[in-house]
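FYI, side chains are in, hydrogens and waters are out, and symmetry mates aren't considered; it's all heavy atoms of this structure.
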Amino acid sequence: MILITGHVILTPEHRERMIALGAEHSARSREEPGCLGHRCHVDVEQPDRLVFVEEWADIAAVRTHFAVPASAAFVAEMRALSPQPPVIRIYAAEDVTAKLMG
């Protein structure tokens, strides 16, 4: 599985628009092949931070997701509205719940 985490800094004047964009992007992404989960959250410790957590079946699904025009438009608009560039981290992940929890 591929795990993607990211965040973008919200600004007071664009906060509602940015949250709406994040929710729309997550909902749209969940409909894509290979998307196992895609959520955006307002950080309860840093309320000016919108956090994304994504789970994808494999790298091919992520590449396809990044190639979707709506994904590129989402990133471009977030960059324009935020005082800082979005942060993204992509990991190859293994679910070890059963190993740790029995």
Transitively linked via ILVMFWY side-chain contacts under 4.5 Å: W56 with F66?
yes
Does the pair E94/K99 count as a salt bridge with the N-to-O cut at 4.0 Å?
yes
Is the shortest heavy-atom distance from the side chain of V42 to the side chain of R15 under 4.5 Å?
yes
Which atom names give the shortest non-hydrogen contact between P33 and A61, and what distance separates them?
O-CB, 3.8 Å
With side-chain contact (heavy atoms from CB on, under 4.5 Å) as the criterion, how do L10 and R49 come out once you've worked through the C-alpha distance, each side chain's angles and the decisive distance to 0.1 Å?
CA-CA 6 Å; L10 302 170; R49 212 167 87 129; over 6 Å; no
What is the distance from atom CD1 of I90 to atom CD1 of I59, rounded to the nearest 0.5 Å?
7.0 Å
Identify the two heavy atoms, one from S26 and one from C40, that lie closest to each other, and give their separation to 0.1 Å.
OG-N, 3.5 Å
Could you tell me if the side chain of S71 sits less than 4.5 Å from the side chain of E32, heavy atoms only?
yes
Going by atom types alone, do H25 and R28 pair a side-chain donor with an acceptor below 3.5 Å?
yes
I would like to know whether H65 and S29 meet side-chain contact (heavy atoms from CB on, under 4.5 Å); could you show each step before the answer?
CA-CA 7 Å; H65 170 65; S29 298; 3.0 Å; yes
I want to check something: taking the side chain as every heavy atom from C-beta on, are E77 and M18 in contact at a cut-off of under 4.5 Å?
no
Please assess L21 against M78 for the test side-chain contact (heavy atoms from CB on, under 4.5 Å), listing each intermediate value before the final yes or no.
CA-CA 8 Å; L21 283 170; M78 283 298 206; 4.1 Å; yes
Evaluate the side-chain proximity of L81 to R17: yes if any heavy-atom separation is below 4.5 Å, no if none is.
yes
Within-4.5 Å side-chain heavy-atom neighbours: L50 and D43:
no
Residue pair A93 / L3: nearest heavy atoms and the distance that separates them
CB-CB, 4.1 Å
If you count every heavy atom of other residues, nucleotides or ligands that lies below 6.0 Å from R30 atom CZ, does the total exceed 12?
yes
Could you check whether any side-chain heavy atom of T11 comes within less than 4.5 Å of a side-chain heavy atom of S82, counting everything from C-beta outward?
no
Find out whether Y91 and I4 are in side-chain contact, i.e. whether some heavy atom of one side chain is under 4.5 Å from a heavy atom of the other.
no
Shared hydrophobic cluster, V75 / I9 (ILVMFWY, side-chain heavy atoms < 4.5 Å)
no
For E54, is there an ion pair with R39 - N to carboxylate O distance below 4.0 angstrom?
no
Does any non-hydrogen side-chain atom of H38 lie less than 4.5 Å from one of F52?
yes
Should V51 and I88 be regarded as members of a common hydrophobic cluster, given that ILVMFWY residues are connected when their side-chain heavy atoms come within less than 4.5 Å of each other, either directly or indirectly?
no
